[in-house]
Amino acid sequence: MAAVCVFCSGKPDAPDSFFELARETGRGLAREGHSLIYGGGGLGMMGELAKAAHAAGVPVTGVMPEGLVALERASQEVDELIVSPDLAARKSIMIDKADAFLALPGGLGTLDELFEVWTTGPQLRLHSKPLVLLDADGFYAGLVDWLGSRPLISPALLAAVTVAPSLDEAWAALR
């Protein structure tokens, strides 16, 4: 069983298709035999992910900074809630506990977590854990294209991340 850290939006105003994607991801973790590590929130895609994973019997670990426990409504759908002192500690804990990373659509917080894993892994070589971007509905296509056109970002760094257009392809990349 791999511990998969999933990054996604905690905002309640995501498109319905993204909420369904979060639920599918939670159920998929069970089918794939993985546990879940995530940001600990009970709202938005994060909340739907945790509910679906927990209902499917997936061990769920939430990691949430003290200052966000009330704001993001810490999920009750967790087996373990780790309260960190701040966002930096949250990211460190998630990176340490995870065997792999999956980024679903999300906002700046998701991008912050994504870039932290990308930087500490392929660039700094502090870990060699797989990182998959789920490019649902082309969500990350513009970002990936833009990064590919930057002269200071090597093709090797881009190649270190798997961009999956579907959840099935994301699971295949994480196997």
Side-chain angles (χ1 to χ4, degrees), residues 1-121 127 129-137 139-140 143 161 164 167 170-171 174:
M1 172 185 292
V4 177
C5 184
V6 178
F7 303 132
C8 61
S9 175
K11 302 289 185 211
D13 58 353
D16 289 340
S17 62
F18 289 170
F19 286 121
E20 182 53 33
L21 178 63
R23 289 187 288 271
E24 287 175 26
T25 301
R27 294 186 293 266
L29 287 163
R31 281 192 305 276
E32 295 290 319
H34 300 311
S35 61
L36 170 63
I37 298 168
Y38 85 114
L43 300 175
M45 292 173 66
M46 275 201 276
E48 294 301 309
L49 170 70
K51 285 178 202 165
H54 194 261
V58 172
V60 177
T61 300
V63 184
M64 182 172 270
E66 284 180 89
L68 295 182
V69 171
L71 181 67
E72 290 188 353
R73 293 192 205 149
S75 177
Q76 301 302 306
E77 310 295 330
V78 297
D79 298 293
E80 178 184 20
L81 179 64
I82 300 169
V83 179
S84 66
D86 54 38
L87 285 168
R90 171 201 227 177
K91 290 183 285 187
S92 291
I93 292 166
M94 290 194 297
I95 290 169
D96 288 343
K97 288 189 157 295
D99 298 312
F101 303 90
L102 174 60
L104 302 181
L108 289 178
T110 300
L111 292 173
D112 175 50
E113 293 162 337
L114 164 66
F115 282 116
E116 180 89 10
V117 170
W118 206 341
T119 301
T120 57
H127 66 81
K129 300 171 183 182
L131 173 57
V132 177
L133 281 176
L134 182 54
D135 192 29
D137 298 328
F139 187 85
Y140 286 108
L143 175 66
V161 175
L167 198 47
W171 296 131
L174 291 172

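Note: hydrogens, waters and symmetry copies are ignored here, and every other heavy atom, side chains too, is used. Bear in mind the structure is a predicted one, so any value in this text is a computation, not a measurement.
Between W171 and T25, the closest side-chain pair of non-hydrogen atoms falls below 4.5 Å. Two residues are said to be in side-chain contact when any heavy atoms from C-beta on lie closer than 4.5 Å; F139 and L104 fail this criterion. Using a 4.5 Å heavy-atom threshold, the side chains of S84 and E66 count as separate. V117 has its side chain within reach of H127: a pair of non-hydrogen atoms, C-beta onward, lies under 4.5 Å apart. When side chains are defined from C-beta on, L143 counts as touching L111, because their heavy atoms get closer than 4.5 Å. Side-chain contact check for T61 versus V78: every heavy-atom pair is 4.5 Å or farther apart. Counting heavy atoms from C-beta outward, L36 and V4 have side chains that stay 4.5 Å or more apart.
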Side chain to side chain contact (heavy atoms under 4.5 Å, CB included) assessment of L134 paired with L21: CA-CA 10 Å; L134 182 54; L21 178 63; 3.5 Å; yes
Worked check of side chain to side chain contact (heavy atoms under 4.5 Å, CB included) between M46 and F7: CA-CA 8 Å; M46 275 201 276; F7 303 132; over 6 Å; no
Criterion salt bridge (charged side-chain N to carboxylate O under 4.0 Å, His left out) on E20 and R27, from CA distance to verdict: CA-CA 11 Å; E20 182 53 33; R27 294 186 293 266; 2.8 Å; yes
Check against side chain to side chain contact (heavy atoms under 4.5 Å, CB included), K91 and V63: CA-CA 8 Å; K91 290 183 285 187; V63 184; over 6 Å; no
Residues L87, L68; criterion side chain to side chain contact (heavy atoms under 4.5 Å, CB included); working and verdict: CA-CA 9 Å; L87 285 168; L68 295 182; 4.1 Å; yes
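Of all the heavy atoms in A103 and Y140, the pair that sits closest is O-CE1, 3.8 Å. Nearest heavy atom pair, residue L29 against residue A53, reads CD1-CB, 4.5 Å. Heavy atoms only, all atoms of each residue included: A74 and L81 are closest at CB-CD2, 3.8 Å. Nearest heavy-atom pair across D137 and S17 is OD2-OG, 3.9 Å. Looking at every heavy atom in both residues, P59 comes nearest to D79 through CA-OD2, 3.3 Å. Residues L174 and A100 approach most closely at CD2-CB, 3.6 Å, considering heavy atoms.
In this structure, D135 contributes its side chain and A164 its backbone to no donor-acceptor pair below 3.5 Å. A donor-acceptor pair under 3.5 Å links the side-chain atoms of D86 to the main chain of A88, judged by distance alone. Judged by distance alone, with hydrogens and angles left aside, the side-chain atoms of R73 form no donor-acceptor pair with the main-chain N or O of G41 at under 3.5 Å.
Note: K129 NZ to T120 OG1 = 8.5 Å, rounded to the nearest 0.5 Å. C8 contributes atom SG, which lies 10.0 Å from atom CD of E48 (distance to the nearest 0.5 angstrom). Note that the CG atom of L108 and the CG atom of L114 stand 12.0 Å from one another [nearest 0.5 Å]. Note that CH2 of W118 is 15.0 Å distant from CD of E113, once rounded to the nearest 0.5 Å. Considering OH of Y38 and CG of L49, their distance stands at 7.0 Å, rounded to 0.5 Å. In this structure, OG on S35 lies 10.5 Å from CD on E80, to the nearest 0.5 angstrom.
When the shell of 6.0 Å around CZ of R23 is examined, it contains more than 12 heavy atoms from other residues, nucleotides or ligands. Summarising the local packing, CD of Q76 is surrounded by 12 or fewer heavy atoms from other residues, nucleotides or ligands at distances under 6.0 Å.
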